[in-house]
Amino acid sequence: MASQADDRMMISERIAPGMLPRVLNSFDMTIIFVAIVLFIVNASAIQQAHQAAYTYWILGFLAFLIPGALVTAQLGQMFPQEGSLYVWTQKALGPFWGFFAGFCAWWPGILVMVATGDAVVTLWQFIDKGGLPKAWEQGLVILAVLWFSALMASLRLRMTQSYANVAVLFYGAGIFVIGLAGILYLIGAGHSATGGWGTASNWGIHSGQWTWFGFVILALLGIEVPLNMGVEIVNMRSIKKYLFWGSIVVMFAYLWTTLGTMLSLPASKSVGATTDILQAVQVGFWGSHPFAIIIGLVLIWFFVANTIVYNYSFSRLLFVSGLEQRMPAQLGRVNKRKVPIYAILTQTVLSSLFVIAIFNPWVSGGNNQRAYWLFQAAVTVIWCVSMVLLFADIFLVKRAFPAKFEEVCVAHPYVLYACGIIGALASAFGAYVTFRSQWTTLFSVYHWRIWLAVLCGVSIAAAVLIYAISEYMHRREAPKPTLTPAG
């Protein structure tokens, strides 16, 4: 038992609190949660599900978001350390599974930052019709967004977080306007642009549409990400507060924006374009394209700021892996501003390599779109794998740390167990339906599954290989003195 306890004690638990400042309050944590989870352009894509979109949203909230919030609150208060899922899984299962869970939680962040940059490109193309027609031009914009995010993320966290707070507040105002556009259209026209609200079958779901459930899970991923910064929180009460208020905001915003778009635009004609939400604003506000452009600029600002939030929050997982000497120790160092600068630069470089591989003059338009959608699907599958581990942790930490579990219990244990089972099943099902049907007609189902399996397999193999190398290096090297918080 003593050996097991040693395995599950992490270097980062002792060192990280002395290296990083406690500056994040409840409001900051809620802002980070909203920035990570609320990818509002998903309300455009889900229009193709018609009224069943609401059924899928509610299923996602009940089976994934709410259980995830409760389980995260329990684990976060038991172990309020830097690295969230990395720490919790190591406590539950030991070092290999801790690193594996941390890698599966970190790797999607590399590709999600590409997606936020791509959202900036798409929104700009609504504002400037015909702008950025070439893949390499789009790639340059995405690279600019990535490296601006690295610059901002390398500043003092308090300064960077204040900037993100303002951007997300404007984002919230923009989301409110999108929903309001639908209400104004309904009042002005006397009817909804989308019919069939009273037809029960339009709200139903069937096996041919289960891909939408996987899409909803994708739209809700990131519940635990703010706790990657666990030792940077001023007060531990912020954990429950951000999960409660963040979940409320996310649920309302997705339902409200889906409603506004569906009232303004006929869902039967939707192709799931990212800019449907801006088109809805234009239609709802009496055909005013300039007003839609203003909302588009607000959303662009948000997605630039959102990339910054992704960059600094995901970098903490890389930072912990450096402290644990599972990746190069340099990643576990901070600069004079007490920011893990090497982790930020490393993941920015990795994201940039994906951008260069996808958006370049030598890749045809169809192929870069294939690569983009394939990588985003891989994000969903790998992130869902990490979430299965998160939900499983609730059972395992109860067994390993019964006294601490009872001390911070955020709900009745049976409620937490039910959340663990439901959430794990929902996460696994989200991964399954992502494999089951292709997200774009650019692939056949067969080739979609093959390429997705290859991408996910290579990613998982990379995690195992990195861990094996680190174990080999640990065995070769003599014990080193304890690291100090020096930059």
Side-chain angles (χ1 to χ4, degrees), residues 26 29-43 45-46 49 52-77 84-85 88 105 108 112 168 171-172 175 179 205 210-228 238-259 306 309-310 313 379-394 410-411 415-434:
S26 301
M29 294 295 285
T30 304
I31 289 291
I32 294 170
F33 180 91
V34 171
I36 294 291
V37 179
L38 184 57
F39 213 77
I40 203 61
V41 293
N42 290 320
I46 205 169
Y54 287 95
T55 307
Y56 284 109
W57 280 130
I58 292 168
L59 275 175
F61 299 154
L62 294 177
F64 185 80
L65 181 66
I66 295 172
L70 286 171
V71 168
T72 299
Q74 177 69 22
L75 296 171
Q77 291 188 107
S84 65
L85 185 57
W88 306 335
V112 168
V168 174
Y171 179 53
I175 288 170
I205 57 179
W210 277 121
T211 301
W212 289 116
F213 183 77
F215 176 83
V216 165
I217 296 299
L218 170 63
L220 299 173
L221 287 167
I223 301 164
E224 82 294 353
V225 171
L227 287 176
N228 288 349
S238 298
I239 294 174
K240 286 199 291 188
K241 288 182 179 179
Y242 98 75
L243 286 164
F244 176 79
W245 289 110
S247 297
I248 295 294
V249 169
V250 165
M251 289 188 287
F252 173 79
Y254 273 135
L255 294 174
W256 176 251
T257 309
T258 300
L259 176 66
N306 192 28
V309 176
Y310 275 115
S313 57
V379 163
T380 304
V381 173
I382 296 166
W383 210 339
C384 281
V385 169
S386 75
M387 292 304 294
V388 170
L389 289 169
L390 180 143
F391 286 112
D393 284 347
I394 199 67
V410 300
V415 173
L416 292 172
Y417 300 154
C419 288
I421 294 169
I422 294 168
L425 290 173
S427 301
F429 192 67
Y432 162 72
V433 296
T434 303

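For clarity, every value in this text was computed on a predicted model and none was experimentally measured.
Between F33 and L38 there is no side-chain heavy-atom pair separated by less than 4.5 Å. Annotation: side chain of V225 is not in contact with side chain of V309 (no heavy-atom distance under 4.5 Å). A heavy-atom distance below 4.5 Å is found between the side chains of I36 and S313. Counting only heavy atoms from C-beta outward, the side chains of L221 and V379 never approach each other to under 4.5 Å. For the pair M29 and K241, the minimum side-chain heavy-atom distance is 4.5 Å or more. Looking only at side-chain heavy atoms (C-beta outward), L416 and V410 come within less than 4.5 Å of each other. Counting heavy atoms from C-beta outward, F64 and F391 have side chains that approach closer than 4.5 Å. Taking 4.5 Å as the limit, every side-chain heavy atom of W88 sits out of range of all side-chain heavy atoms of L389.
The structure places CG of L65 at 5.0 Å from CD1 of I223, a figure rounded to the nearest 0.5 Å. Note: Q74 CD to C419 SG = 10.5 Å, rounded to the nearest 0.5 Å. Expressed to the nearest 0.5 Å, how far CG of L220 lies from CH2 of W383 amounts to 11.0 Å. Within the model, atoms CG of D393 and CG of L85 stand 6.0 Å from one another, a figure rounded to the nearest 0.5 Å. The distance from atom OG1 of T30 to atom CD1 of I248, rounded to the nearest 0.5 Å, is 11.5 Å. Going from atom CZ of F252 over to atom OG1 of T257 covers 8.0 Å, rounded to the nearest 0.5 Å.
Contact detail for A52 and I205: the closest heavy-atom pair is CB-CG2, 4.4 Å. Nearest heavy-atom pair across S427 and V388 is CB-CG2, 3.7 Å. The heavy-atom pair separating G430 from C384 by the smallest distance is C-SG, 4.3 Å. Nearest heavy atom pair, residue F215 against residue A45, reads CZ-CB, 3.5 Å. Of all heavy-atom pairs between A253 and I40, the closest is O-CD1, 3.9 Å.
Taking A49 as the reference, I46, A53, W212 meet the side-chain contact (heavy atoms from CB on, under 4.5 Å) condition, with sequence neighbours excluded. Under the rule for a ring-ring contact (aromatic ring centres under 6.0 Å, His included), the partners of W210 that lie at least two apart in sequence or sit in another chain are F429. Checked against side-chain hydrogen bond (donor to acceptor under 3.5 Å, both in side chains), W57 has the following partners two or more places apart in sequence or in another chain: T258. Applying the side-chain hydrogen bond (donor to acceptor under 3.5 Å, both in side chains) criterion to Y254, with sequence neighbours excluded, gives N42. Among residues two or more places apart in sequence or in another chain, the side-chain hydrogen bond (donor to acceptor under 3.5 Å, both in side chains) test is passed with S238 by S26.
The backbone N or O of P226 sits nowhere less than 3.5 Å from a side-chain atom of Y242 that would complete a donor-acceptor pair. Remark: the backbone N or O of L259 is paired with a side-chain donor or acceptor of Y54 at under 3.5 angstrom.
Pairs passing the side-chain hydrogen bond (donor to acceptor under 3.5 Å, both in side chains) check and including a residue from residues 60-73, sequence neighbours excluded, do not occur.
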### Task
Take L227 and I239, measure what side chain to side chain contact (heavy atoms under 4.5 Å, CB included) needs, and give me the verdict at the end.
CA-CA 8 Å; L227 287 176; I239 294 174; 3.8 Å; yes
